[in-house]
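Read through the structure below, which is laid out as C-alpha coordinates, and then see the notes.
Just so you know, ligand 1 is whichever comes first in the structure, and atom 1 is the first atom listed for that ligand. Hydrogens, waters and symmetry mates play no part in the numbers below; they use all other heavy atoms, side chains included.
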Amino acid sequence: MVSRVLLQGKRATGVRATIDGVEADFDAAREVVLCGGAFNSPQLLELSGIGRRDVLAAAGVPLQHELPMVGENLSEHVYSPMMFRAKPEVSWNAQLSSPLRQAALGARWLLKRDGPLSTVTITAQAFAPAQAGGKDAELKIQVQQVTSPGNRGAGKIVLDDFPGITVASFQIRPRSRGHSHIANTDPKADPVMVSNHFTHPDDLQACLLALKMSRRVAAAGPMARLIEEEVRPGPKAASDEALTAYLRATGATAYHPVGTCRIGTDAVQSVVDPQLRVHGIQGLRVADCSVMPTIAATNTNAIAIVIGERAADFIAQAD
Ligand SMILES: Cc1cc2nc3c(=O)[nH]c(=O)nc-3n(C[C@H](O)[C@H](O)[C@H](O)COP(=O)(O)OP(=O)(O)OC[C@H]3O[C@@H](n4cnc5c(N)ncnc54)[C@H](O)[C@@H]3O)c2cc1C
(Lines give C-alpha, C1' and ligand atoms only; values in the text may rest on other atoms or scores of the structure.)
Protein backbone atom coordinates (compact mmCIF):
# COMPACT_ATOMS: atom_id res chain seq x y z
CA MET A 1 0.00 0.00 0.00
CA VAL A 2 1.37 3.36 -1.03
CA SER A 3 1.38 5.93 1.77
CA ARG A 4 2.79 8.99 0.03
CA VAL A 5 4.63 10.42 -2.94
CA LEU A 6 8.29 11.26 -2.28
CA LEU A 7 9.21 14.80 -3.25
CA GLN A 8 12.45 16.64 -3.70
CA GLY A 9 11.35 20.25 -3.82
CA LYS A 10 8.75 20.40 -6.59
CA ARG A 11 9.75 17.10 -8.22
CA ALA A 12 8.24 13.68 -7.49
CA THR A 13 11.01 11.12 -7.15
CA GLY A 14 9.18 7.99 -6.03
CA VAL A 15 6.71 6.59 -3.52
CA ARG A 16 6.74 5.22 0.01
CA ALA A 17 4.88 1.93 0.29
CA THR A 18 4.34 -0.93 2.71
CA ILE A 19 4.58 -4.41 1.24
CA ASP A 20 4.03 -7.47 3.46
CA GLY A 21 4.37 -5.27 6.52
CA VAL A 22 7.68 -3.77 5.40
CA GLU A 23 7.82 -0.08 4.58
CA ALA A 24 10.20 0.95 1.82
CA ASP A 25 10.87 3.85 -0.52
CA PHE A 26 10.76 3.20 -4.25
CA ASP A 27 12.52 5.51 -6.70
CA ALA A 28 10.75 6.29 -9.95
CA ALA A 29 12.86 5.61 -13.03
CA ARG A 30 10.99 8.33 -14.92
CA GLU A 31 7.87 9.57 -13.20
CA VAL A 32 5.19 8.69 -10.66
CA VAL A 33 1.66 7.95 -11.89
CA LEU A 34 -1.09 7.91 -9.26
CA CYS A 35 -4.08 5.73 -10.11
CA GLY A 36 -5.74 5.22 -6.74
CA GLY A 37 -9.21 6.24 -7.93
CA ALA A 38 -11.40 9.21 -7.07
CA PHE A 39 -10.94 8.86 -3.31
CA ASN A 40 -7.40 7.58 -2.94
CA SER A 41 -5.54 9.67 -5.53
CA PRO A 42 -6.44 12.96 -3.82
CA GLN A 43 -5.76 11.23 -0.49
CA LEU A 44 -2.22 10.35 -1.63
CA LEU A 45 -1.61 13.88 -2.89
CA GLU A 46 -2.75 15.30 0.44
CA LEU A 47 -0.70 12.82 2.48
CA SER A 48 2.27 14.04 0.40
CA GLY A 49 1.61 17.67 1.26
CA ILE A 50 -0.04 18.60 -2.06
CA GLY A 51 -3.48 20.13 -1.72
CA ARG A 52 -5.56 22.70 0.07
CA ARG A 53 -3.81 24.73 2.71
CA ASP A 54 -6.74 24.46 5.18
CA VAL A 55 -7.16 20.70 4.74
CA LEU A 56 -3.47 19.94 5.23
CA ALA A 57 -3.21 22.22 8.26
CA ALA A 58 -6.22 20.53 9.90
CA ALA A 59 -4.82 17.06 9.11
CA GLY A 60 -1.34 17.91 10.39
CA VAL A 61 0.49 17.45 7.07
CA PRO A 62 3.18 20.04 6.22
CA LEU A 63 2.25 21.92 3.05
CA GLN A 64 4.64 21.18 0.17
CA HIS A 65 2.60 22.57 -2.69
CA GLU A 66 -0.71 24.39 -2.55
CA LEU A 67 -3.33 23.14 -5.02
CA PRO A 68 -6.82 24.18 -3.92
CA MET A 69 -8.83 21.78 -6.09
CA VAL A 70 -7.29 18.56 -4.73
CA GLY A 71 -10.19 16.51 -3.33
CA GLU A 72 -12.81 19.02 -4.49
CA ASN A 73 -15.35 18.66 -7.33
CA LEU A 74 -16.45 15.17 -6.25
CA SER A 75 -19.27 14.10 -8.54
CA GLU A 76 -21.38 10.96 -8.55
CA HIS A 77 -24.63 9.58 -9.97
CA VAL A 78 -27.33 8.89 -7.39
CA TYR A 79 -28.92 5.45 -7.65
CA SER A 80 -32.64 5.47 -6.74
CA PRO A 81 -34.33 2.07 -6.74
CA MET A 82 -38.03 1.29 -6.86
CA MET A 83 -38.76 -2.32 -6.02
CA PHE A 84 -41.67 -4.50 -7.04
CA ARG A 85 -43.06 -7.91 -6.19
CA ALA A 86 -43.01 -9.70 -9.55
CA LYS A 87 -43.93 -12.94 -11.27
CA PRO A 88 -41.52 -15.64 -10.03
CA GLU A 89 -40.19 -16.37 -13.52
CA VAL A 90 -38.67 -12.89 -13.94
CA SER A 91 -36.98 -12.60 -10.54
CA TRP A 92 -33.63 -14.16 -9.68
CA ASN A 93 -33.99 -13.59 -5.92
CA ALA A 94 -34.67 -17.24 -5.12
CA GLN A 95 -32.09 -18.65 -7.54
CA LEU A 96 -29.32 -16.41 -6.26
CA SER A 97 -30.14 -16.84 -2.56
CA SER A 98 -29.99 -20.61 -2.20
CA PRO A 99 -26.59 -22.39 -2.36
CA LEU A 100 -28.23 -25.39 -4.06
CA ARG A 101 -29.79 -23.21 -6.74
CA GLN A 102 -26.56 -21.28 -7.12
CA ALA A 103 -24.83 -24.58 -7.87
CA ALA A 104 -27.53 -25.37 -10.43
CA LEU A 105 -26.95 -21.97 -12.05
CA GLY A 106 -23.23 -22.71 -12.17
CA ALA A 107 -23.88 -26.04 -13.86
CA ARG A 108 -26.27 -24.40 -16.31
CA TRP A 109 -23.68 -21.82 -17.24
CA LEU A 110 -20.98 -24.47 -17.66
CA LEU A 111 -23.16 -26.68 -19.83
CA LYS A 112 -25.22 -24.17 -21.79
CA ARG A 113 -23.45 -20.86 -21.28
CA ASP A 114 -26.73 -19.11 -20.44
CA GLY A 115 -28.90 -18.17 -17.46
CA PRO A 116 -28.30 -15.48 -14.82
CA LEU A 117 -24.57 -16.24 -14.54
CA SER A 118 -24.07 -15.40 -18.22
CA THR A 119 -25.08 -11.79 -17.64
CA VAL A 120 -25.36 -9.10 -14.96
CA THR A 121 -28.44 -8.46 -12.86
CA ILE A 122 -29.16 -5.37 -14.96
CA THR A 123 -30.89 -6.71 -18.04
CA ALA A 124 -32.36 -3.56 -19.62
CA GLN A 125 -31.39 0.11 -19.67
CA ALA A 126 -33.04 3.19 -21.16
CA PHE A 127 -31.90 6.79 -21.47
CA ALA A 128 -34.46 9.59 -21.55
CA PRO A 129 -34.72 13.39 -21.57
CA ALA A 130 -36.05 14.95 -18.37
CA GLN A 131 -38.80 16.83 -20.21
CA ALA A 132 -41.09 15.54 -22.95
CA GLY A 133 -39.63 16.58 -26.31
CA GLY A 134 -36.14 17.16 -24.87
CA LYS A 135 -33.25 16.06 -27.09
CA ASP A 136 -30.51 15.33 -24.54
CA ALA A 137 -30.69 12.32 -22.27
CA GLU A 138 -30.79 13.40 -18.62
CA LEU A 139 -32.16 10.29 -16.94
CA LYS A 140 -31.34 6.62 -17.01
CA ILE A 141 -33.67 3.79 -16.04
CA GLN A 142 -32.44 0.26 -15.54
CA VAL A 143 -34.25 -2.99 -14.80
CA GLN A 144 -32.64 -5.45 -12.40
CA GLN A 145 -34.09 -8.90 -11.85
CA VAL A 146 -33.36 -8.81 -8.12
CA THR A 147 -34.46 -6.82 -5.06
CA SER A 148 -32.81 -6.26 -1.70
CA PRO A 149 -34.06 -4.49 1.42
CA GLY A 150 -30.54 -3.27 2.18
CA ASN A 151 -30.15 -1.44 -1.14
CA ARG A 152 -26.43 -0.56 -1.33
CA GLY A 153 -25.46 -0.51 2.32
CA ALA A 154 -22.21 -1.92 3.62
CA GLY A 155 -21.76 -5.66 4.00
CA LYS A 156 -23.21 -8.67 2.24
CA ILE A 157 -26.19 -8.03 -0.02
CA VAL A 158 -29.19 -10.05 1.13
CA LEU A 159 -31.92 -10.53 -1.46
CA ASP A 160 -35.63 -10.43 -0.63
CA ASP A 161 -37.38 -13.69 0.17
CA PHE A 162 -40.10 -12.93 -2.40
CA PRO A 163 -39.77 -12.68 -6.19
CA GLY A 164 -38.85 -9.09 -6.92
CA ILE A 165 -37.48 -6.82 -9.61
CA THR A 166 -35.99 -3.35 -9.29
CA VAL A 167 -36.53 -0.42 -11.61
CA ALA A 168 -33.68 1.90 -10.68
CA SER A 169 -33.20 5.43 -11.91
CA PHE A 170 -30.32 7.88 -12.17
CA GLN A 171 -29.81 11.49 -13.08
CA ILE A 172 -26.89 11.15 -15.48
CA ARG A 173 -25.66 14.77 -15.45
CA PRO A 174 -25.76 15.77 -11.77
CA ARG A 175 -24.71 19.31 -10.87
CA SER A 176 -24.09 18.93 -7.12
CA ARG A 177 -20.44 18.69 -6.11
CA GLY A 178 -18.92 17.23 -2.98
CA HIS A 179 -15.40 16.71 -1.68
CA SER A 180 -13.12 14.05 -0.24
CA HIS A 181 -10.23 14.96 2.05
CA ILE A 182 -7.92 13.39 4.60
CA ALA A 183 -8.56 14.16 8.26
CA ASN A 184 -5.20 12.97 9.61
CA THR A 185 -1.83 11.58 8.53
CA ASP A 186 -2.84 7.90 8.62
CA PRO A 187 -2.76 6.43 5.08
CA LYS A 188 -4.98 3.55 6.24
CA ALA A 189 -7.74 5.90 7.41
CA ASP A 190 -10.56 6.50 4.96
CA PRO A 191 -10.72 10.05 3.69
CA VAL A 192 -13.79 12.00 4.75
CA MET A 193 -16.14 11.82 1.78
CA VAL A 194 -18.96 14.33 1.48
CA SER A 195 -21.14 13.70 -1.56
CA ASN A 196 -23.43 16.74 -1.23
CA HIS A 197 -26.04 14.96 -3.33
CA PHE A 198 -29.10 17.12 -4.03
CA THR A 199 -27.42 20.35 -2.93
CA HIS A 200 -28.07 21.68 -6.43
CA PRO A 201 -31.86 22.04 -6.68
CA ASP A 202 -31.94 20.72 -10.27
CA ASP A 203 -30.63 17.38 -9.05
CA LEU A 204 -33.45 16.66 -6.64
CA GLN A 205 -36.00 17.60 -9.29
CA ALA A 206 -34.33 15.38 -11.88
CA CYS A 207 -34.16 12.41 -9.51
CA LEU A 208 -37.81 12.94 -8.59
CA LEU A 209 -38.74 12.90 -12.28
CA ALA A 210 -36.67 9.77 -12.75
CA LEU A 211 -38.41 8.04 -9.85
CA LYS A 212 -41.81 8.89 -11.32
CA MET A 213 -40.63 7.64 -14.69
CA SER A 214 -39.65 4.33 -13.05
CA ARG A 215 -43.18 4.03 -11.76
CA ARG A 216 -44.63 4.77 -15.20
CA VAL A 217 -42.32 2.23 -16.84
CA ALA A 218 -43.42 -0.39 -14.31
CA ALA A 219 -47.07 0.39 -14.98
CA ALA A 220 -46.73 0.28 -18.77
CA GLY A 221 -48.00 -2.68 -20.83
CA PRO A 222 -45.22 -5.28 -20.99
CA MET A 223 -43.72 -4.53 -17.58
CA ALA A 224 -47.11 -4.30 -15.89
CA ARG A 225 -47.82 -7.89 -16.89
CA LEU A 226 -44.72 -9.04 -14.97
CA ILE A 227 -45.31 -6.98 -11.83
CA GLU A 228 -47.73 -7.70 -8.99
CA GLU A 229 -47.26 -4.71 -6.69
CA GLU A 230 -44.88 -1.90 -5.79
CA VAL A 231 -43.09 -2.74 -2.54
CA ARG A 232 -40.58 0.12 -2.09
CA PRO A 233 -41.48 2.89 -1.59
CA GLY A 234 -45.00 1.51 -2.09
CA PRO A 235 -48.15 3.13 -3.50
CA LYS A 236 -48.70 5.20 -0.34
CA ALA A 237 -45.69 7.30 -1.35
CA ALA A 238 -47.71 9.17 -3.97
CA SER A 239 -46.91 12.83 -3.29
CA ASP A 240 -43.73 14.64 -4.31
CA GLU A 241 -42.98 15.10 -0.61
CA ALA A 242 -43.20 11.37 0.07
CA LEU A 243 -41.07 10.51 -2.96
CA THR A 244 -38.51 13.14 -2.00
CA ALA A 245 -38.30 11.69 1.50
CA TYR A 246 -37.79 8.24 -0.06
CA LEU A 247 -35.07 9.62 -2.35
CA ARG A 248 -33.25 11.23 0.52
CA ALA A 249 -33.53 8.12 2.67
CA THR A 250 -32.57 5.53 0.07
CA GLY A 251 -30.67 7.32 -2.75
CA ALA A 252 -27.30 5.58 -2.88
CA THR A 253 -23.99 5.60 -4.67
CA ALA A 254 -23.92 4.43 -8.27
CA TYR A 255 -20.24 3.50 -7.67
CA HIS A 256 -19.18 6.22 -10.12
CA PRO A 257 -17.19 8.76 -8.07
CA VAL A 258 -15.11 11.11 -10.24
CA GLY A 259 -13.66 14.59 -10.43
CA THR A 260 -11.44 15.03 -7.35
CA CYS A 261 -8.23 15.73 -9.33
CA ARG A 262 -9.91 17.39 -12.27
CA ILE A 263 -8.18 18.24 -15.54
CA GLY A 264 -7.82 21.90 -16.44
CA THR A 265 -5.42 24.48 -17.68
CA ASP A 266 -4.84 26.44 -14.48
CA ALA A 267 -3.81 25.50 -10.97
CA VAL A 268 -6.65 27.36 -9.27
CA GLN A 269 -9.47 25.53 -11.01
CA SER A 270 -7.88 22.13 -11.54
CA VAL A 271 -5.31 19.61 -10.31
CA VAL A 272 -3.79 18.13 -13.47
CA ASP A 273 -3.11 19.65 -16.86
CA PRO A 274 -4.51 18.18 -20.11
CA GLN A 275 -1.60 15.71 -20.16
CA LEU A 276 -2.53 14.55 -16.65
CA ARG A 277 0.55 16.21 -15.03
CA VAL A 278 -0.03 17.62 -11.54
CA HIS A 279 0.18 21.41 -11.78
CA GLY A 280 3.43 22.71 -10.33
CA ILE A 281 5.03 19.33 -9.58
CA GLN A 282 7.39 17.70 -12.05
CA GLY A 283 7.33 13.96 -12.66
CA LEU A 284 3.85 13.35 -11.23
CA ARG A 285 0.67 12.40 -13.10
CA VAL A 286 -2.77 11.18 -12.09
CA ALA A 287 -4.49 8.66 -14.36
CA ASP A 288 -7.89 7.51 -13.12
CA CYS A 289 -11.50 8.68 -12.81
CA SER A 290 -10.47 11.49 -10.46
CA VAL A 291 -9.26 13.53 -13.45
CA MET A 292 -12.68 13.82 -15.11
CA PRO A 293 -13.67 17.49 -14.94
CA THR A 294 -17.37 16.60 -15.13
CA ILE A 295 -19.03 13.26 -14.65
CA ALA A 296 -19.78 11.29 -17.80
CA ALA A 297 -23.43 10.71 -18.61
CA THR A 298 -22.93 6.98 -18.30
CA ASN A 299 -21.06 4.31 -16.36
CA THR A 300 -17.44 5.16 -15.76
CA ASN A 301 -15.36 2.02 -16.25
CA ALA A 302 -14.72 2.32 -19.99
CA ILE A 303 -13.68 5.93 -19.48
CA ALA A 304 -11.23 4.90 -16.74
CA ILE A 305 -9.64 2.53 -19.25
CA VAL A 306 -9.40 5.26 -21.89
CA ILE A 307 -7.80 7.62 -19.35
CA GLY A 308 -5.18 4.93 -18.73
CA GLU A 309 -4.59 4.56 -22.47
CA ARG A 310 -4.20 8.31 -22.89
CA ALA A 311 -1.79 8.43 -19.94
CA ALA A 312 0.32 5.75 -21.62
CA ASP A 313 0.39 7.83 -24.82
CA PHE A 314 1.44 10.97 -22.94
CA ILE A 315 4.21 9.14 -21.08
CA ALA A 316 5.49 7.53 -24.30
CA GLN A 317 5.41 10.88 -26.10
CA ALA A 318 7.35 12.49 -23.24
CA ASP A 319 10.40 10.30 -24.01
C1 LIG B 1 -19.45 -2.40 -7.09
C2 LIG B 1 -19.09 -1.61 -8.34
C3 LIG B 1 -19.74 -1.87 -9.52
C4 LIG B 1 -19.44 -1.15 -10.67
N5 LIG B 1 -20.07 -1.45 -11.84
C6 LIG B 1 -19.73 -0.80 -12.96
C7 LIG B 1 -20.32 -1.15 -14.20
O8 LIG B 1 -21.14 -2.05 -14.29
N9 LIG B 1 -19.94 -0.45 -15.31
C10 LIG B 1 -19.04 0.57 -15.25
O11 LIG B 1 -18.75 1.18 -16.29
N12 LIG B 1 -18.47 0.93 -14.09
C13 LIG B 1 -18.79 0.26 -12.95
N14 LIG B 1 -18.20 0.60 -11.77
C15 LIG B 1 -17.29 1.77 -11.75
C16 LIG B 1 -15.89 1.41 -12.20
O17 LIG B 1 -15.47 0.22 -11.56
C18 LIG B 1 -14.98 2.58 -11.84
O19 LIG B 1 -15.42 3.76 -12.48
C20 LIG B 1 -13.54 2.33 -12.25
O21 LIG B 1 -13.04 1.11 -11.73
C22 LIG B 1 -12.69 3.46 -11.73
O23 LIG B 1 -11.37 3.24 -12.13
P24 LIG B 1 -10.18 3.99 -11.43
O25 LIG B 1 -8.95 3.53 -12.09
O26 LIG B 1 -10.48 5.44 -11.36
O27 LIG B 1 -10.19 3.50 -9.90
P28 LIG B 1 -10.22 2.03 -9.28
O29 LIG B 1 -10.72 1.03 -10.26
O30 LIG B 1 -10.94 2.18 -7.97
O31 LIG B 1 -8.69 1.70 -9.04
C32 LIG B 1 -7.96 2.24 -7.98
C33 LIG B 1 -6.98 1.20 -7.51
O34 LIG B 1 -6.02 1.80 -6.65
C35 LIG B 1 -5.82 0.97 -5.54
N36 LIG B 1 -5.36 1.82 -4.44
C37 LIG B 1 -6.03 2.83 -3.84
N38 LIG B 1 -5.26 3.40 -2.90
C39 LIG B 1 -4.08 2.76 -2.92
C40 LIG B 1 -2.88 2.90 -2.16
N41 LIG B 1 -2.75 3.82 -1.20
N42 LIG B 1 -1.84 2.05 -2.43
C43 LIG B 1 -1.96 1.11 -3.40
N44 LIG B 1 -3.09 0.93 -4.15
C45 LIG B 1 -4.12 1.75 -3.90
C46 LIG B 1 -7.18 0.35 -5.28
O47 LIG B 1 -7.06 -0.83 -4.52
C48 LIG B 1 -7.65 0.09 -6.71
O49 LIG B 1 -7.18 -1.14 -7.18
C50 LIG B 1 -18.47 -0.12 -10.61
C51 LIG B 1 -17.79 0.14 -9.41
C52 LIG B 1 -18.09 -0.61 -8.28
C53 LIG B 1 -17.34 -0.32 -6.99
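For Asn40, every heavy-atom contact with ligand 1 shorter than 4.0 Å involves the side chain, none the backbone. Contacts between Ala304 and ligand 1, counted as non-hydrogen atom pairs separated by less than 4.0 Å, involve the side chain only.
Protein heavy atom in closest approach to atom 42 (N) of ligand 1: Val2 N, 2.9 Å. Nearest protein heavy-atom neighbour of atom 19 (O) of ligand 1: Thr300 OG1, 2.6 Å. The protein heavy-atom contact nearest to atom 20 (C) of ligand 1 is Asn301 OD1, 3.6 Å. Summary of contacts: the protein heavy atom closest to atom 36 (N) of ligand 1 is Gly36 CA, 4.1 Å.
Residue Asp288 approaches ligand 1 through these ligand atoms, each under 4.0 Å from one of its heavy atoms: 24 (P), 25 (O), 26 (O).
Checked for salt-bridge contact, Glu66 and Arg53 meet the test: a charged N lies under 4.0 Å from a carboxylate O.
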N/O donor-acceptor pairs under 3.5 Å from side chains in residues 119-127, not counting sequence neighbours:
from	atom 1	to	atom 2	distance (Å)
Thr123	OG1	Gln145	OE1	2.8
Gln125	NE2	Gln142	OE1	3.2

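For atom 3 (C) of ligand 1, a protein heavy-atom neighbour is present inside the 4.0 Å cut-off. Atom 25 (O) of ligand 1 is flagged as protein-proximal [any protein heavy atom, distance under 4.0 Å]. Atom 12 (N) of ligand 1 is flagged as protein-proximal [any protein heavy atom, distance under 4.0 Å]. In this structure, atom 28 (P) of ligand 1 is not in close contact with the protein, since no protein heavy atom lies within 4.0 Å of it.
Within the 4.5 Å cutoff, side-chain heavy atoms of Met82 are placed close to those of Pro233.
Taking the six-membered ring for Trp and thresholds of 30 and 60 degrees, His256 and Phe170 have nearly parallel ring planes, at less than 30 degrees apart.
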